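In this text, all values refer to a predicted model and were calculated from it rather than measured experimentally. Indexing begins at 1, ligand by ligand and atom by atom, following the structure's order.
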Amino acid sequence: MLKMAIIGGGSSYSPELVEGIINRYAQLPVTELALVDVESGREKVNVIADLTRRMLQQNGLEQVTVSVHFELDDAIRGARFVLTQLRVGQLAARAADERLGLKYGRLGQETTGVGGFAKALRTIPVMLNIARKVEELAPDAFIINFTNPAGIVTEAVSRYSNAKIIGLCNVPVNTHHMIAGMLDAPWDDVQLRFAGLNHLVWVHQVTCRGEDATKQVIELLCDGQSLTMNNIKDMPWSPQFLRALNAIPCPYHRYYWQTPQMLAEEQEKAKNGHEGTRAEQVMKVEAELFALYADPDLAHKPEQLSFRGGAYYSEVAVELISAIHNNSGKNLVVNCRNNGAIHGLPDDAVVEVNCLVDAQGAHPLMFGELPPLMNGLTQQIKAFERLTIEAAIHGDRNQALLALLGNPLVGDVATAEALLEEVLTLNKPWLPQF
Ligand code: G6P
Ligand code: MN
């Protein structure tokens, strides 16, 4: 029996995951997929369940049971893996975060700045509730968390529950694909050494067939090679900066280190009659996706899903689950307790690093000290993250204010105070802790 519960099963991303499971069925012979969603998402989760059944059948896997649930207990009971990919307040709340940031001349992006802060406040109580159910009903299960802000959410659950949790993001795997592409080398010939926080991670070293290729990749980036995600504009980095940094920043670093350009870009899109904010664009894509998913003749993942930022997310999820299930000891980049891997961060801080993954979970490989500039930003963001967790768990306005102030994309007390008031008002239905 290999049961997987998928919380947020009605997500438009689910067919991506199902495709990953089908492709790796030999390593991961799943017996049941238990899709869970909220009552208001009944229609969507049923569309996903039907599409999932058709996809399984198309691939000769009709023996896999697909069940739909609107409460957690039956779905979690007996599960080996509990995948969390939920969005409290749906895309409308994400759009409101983006618009709120812009109103104050700030970035309100999904996982950085005030957007990441508000999303964390909405999400942490829900995730802790899921973790309590896992402790009670499936204590050996691993929670595989995609829910953003993934680093913060994973740390909150890891520190405040006894459930086993590993956080995941597709940035490392996308980066690996892109760098292998730049070097014109197969995936397996390229090794990347990552260390940082989720959406704040750097590639510190690239090796290709055992030779150091870091400088070569930096030069390719200086020559204008692209390295970004679908959801982030490929604003080129200055060659002087890249050479000075001597590491490869992740796409999300643009929000911190190219703030005026990224903000101008967001403001432009958000203007009346333009494309709209990222969440507003994604809402349109989602409507199209669900129209396709509902077609009874469709039995595969449609191409349109690749427009989303989460491309390859199934690859990381299934690789990780398979490494645990098969006790493989594979080297994967995941979010887990630091345990001394990055010097200068607490052991219980969740970090994004290369880990060896086996049946016991993720074991971070020693990294050591981050260079000063990266360490400075990492420390500041980790302080923001930890204050946000305290605020979310205890409904503490003081910690919330300090958290916002500690975020480099907020900047000053008056703005932090005003943003906090607006976040608490706008999100009232999802913030019972305040
Ligand atoms: C990237 C990030 C994910 C994020 C996604 C947003 O893939 O790693 O954490 O959820 O982008 O994509 P979207 O299409 O929703 O803007
Ligand atoms: Mn991510």
Side-chain angles (χ1 to χ4, degrees), residues 8 10-17 20 83-95 97-98 101 107-113 115-116 118-120 122-123 127 144-155 166-178 194 196-203 227-234 249-255 262 265-266 269-270 275-290 301-317 320 332-336 350-353 381 385:
S11 161
S12 57
Y13 277 124
S14 291
E16 161 94 29
L17 182 66
L83 279 64
T84 46
Q85 49 172 39
L86 51 105
R87 191 186 291 283
V88 180
Q90 318 268 321
L91 282 168
R94 176 176 172 193
D97 294 343
E98 292 167 338
L107 282 157
Q109 201 273 334
E110 183 189 19
T111 61
T112 56
K119 192 170 190 333
R122 292 193 293 270
T123 309
M127 280 294 298
I144 308 293
N145 177 51
F146 270 107
T147 305
N148 272 326
I152 306 181
V153 166
T154 305
E155 182 167 323
I166 300 176
L168 269 188
C169 177
N170 62 341
V171 165
V173 74
N174 270 264
T175 306
H176 197 133
H177 279 293
M178 288 184 280
F194 284 89
L197 307 179
N198 178 236
H199 292 185
L200 196 84
V201 73
W202 294 269
V203 176
L227 203 168
T228 195
M229 307 288 287
N230 287 341
N231 53 316
I232 301 177
K233 185 172 162 74
D234 189 13
C250 84
Y252 284 84
H253 282 112
R254 294 196 173 90
Y255 295 116
M262 295 305 277
E265 147 89 11
E266 296 288 325
K269 281 192 190 147
E275 298 165 62
T277 67
R278 179 69 192 170
E280 289 159 2
Q281 295 166 44
V282 166
M283 283 180 196
K284 289 183 208 141
V285 179
E286 279 219 347
E288 288 169 30
L289 283 172
F290 272 96
K301 179 187 90 176
E303 267 315 299
Q304 283 85 334
L305 193 51
S306 53
F307 172 80
R308 296 292 303 275
Y312 295 120
Y313 107 97
S314 65
E315 196 172 301
V316 263
L320 171 63
L332 298 171
V333 182
V334 300
N335 286 263
C336 65
V350 163
V351 295
E352 191 164 281
V353 284
I381 295 296
E385 292 188 354

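- The closest protein non-hydrogen atom to atom 11 (O) of ligand 1 is Asn231 ND2, 3.1 Å.
- Side chain of Thr147 to main chain of Thr84: a donor-acceptor pair is present (N/O by atom type, distance under 3.5 Å, no hydrogens or angles).
- Residue-ligand proximity, His199 to ligand 1, at heavy-atom distances under 4.0 Å covers atoms 2 (C), 8 (O), 9 (O).
- A donor-acceptor distance shorter than 3.5 angstrom exists from the side chain of Thr175 to the backbone of Val171, with no hydrogens or angles considered.
- For the pair Arg94 and ligand 1, a heavy-atom separation below 4.0 Å is found.
- At a heavy-atom distance under 4.0 Å, no atom of Tyr312 approaches ligand 1.
- The environment of Tyr312 atom OH is sparse: at most 12 non-hydrogen atoms of other residues, nucleotides or ligands sit within 6.0 angstrom.
- Judged by distance alone, the side chain of Ser306 and the main-chain N or O of Glu303 form a donor-acceptor pair under 3.5 Å.
- Checked against the Mn ion (ligand 2), the N, O or S atom of His199 at the shortest distance is NE2.
- Of all the atoms in ligand 1, the ones that sit under 4.0 Å from a non-hydrogen atom of Val171 are 8 (O).
- Aromatic ring pairs are classed by plane angle as parallel below 30°, tilted from 30° to 60° and perpendicular above 60°; the pair Phe146 and Tyr313 is perpendicular.
- Close approach of ligand 1 to Tyr13 is summarised as follows: ligand atoms under 4.0 Å from at least one heavy atom of the residue are 12 (O), 13 (P), 14 (O), 15 (O).
- With a 4.0 Å cut-off on non-hydrogen atoms, Met229 touches ligand 1 through its side chain and not its backbone.
- Using a non-hydrogen distance threshold of 4.0 Å, Gln281 does not register as a contact of ligand 1.
- Annotation: atom 7 (O) of ligand 1 to nearest protein heavy atom, Gly309 O, 2.3 Å.
- For atom 2 (C) of ligand 1, the closest non-hydrogen atom on the protein side is Tyr252 OH, 3.2 Å.
- For ligand 1, the atoms closer than 4.0 angstrom to any heavy atom of Cys169 are 8 (O).
- Looking only at distances, a side-chain donor or acceptor of Gln281 sits under 3.5 Å from a matching main-chain atom of Gly276.
- Those atoms of ligand 1 with a heavy atom of Asn170 less than 4.0 angstrom away are 1 (C), 2 (C), 7 (O), 8 (O).
- When the shell of 6.0 Å around NZ of Lys284 is examined, it contains more than 12 heavy atoms from other residues, nucleotides or ligands.
- Against a heavy-atom cut-off of under 4.0 Å, Arg308 is close to the following atoms of ligand 1: 13 (P), 14 (O), 15 (O).
- Tyr255 contributes no side-chain N or O that, together with a main-chain N or O of Gln109, makes up a donor-acceptor pair within less than 3.5 Å.
- Contact annotation for Asn148 and ligand 1: only side-chain heavy atoms (C-beta onward) come within less than 4.0 Å of the ligand.
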Does the pair Thr111 and Asn148 meet the rule for a side chain to side chain donor-acceptor pair (under 3.5 Å), with working shown?
CA-CA 7 Å; Thr111 61; Asn148 272 326; 5.5 Å; no
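- Each of the following atoms of ligand 1 lies closer than 4.0 Å to a heavy atom of Gly310: 7 (O).
- Each of the atoms 13 (P), 14 (O), 16 (O) of ligand 1 lies under 4.0 Å from some heavy atom of Arg278.
- A donor-acceptor pair under 3.5 Å is absent between the side-chain atoms of Thr277 and the main chain of Ala270, judged by distance alone.
- In this structure, the side chain of Glu315 does not engage the main chain of Val173 through any donor-acceptor pair within 3.5 Å.
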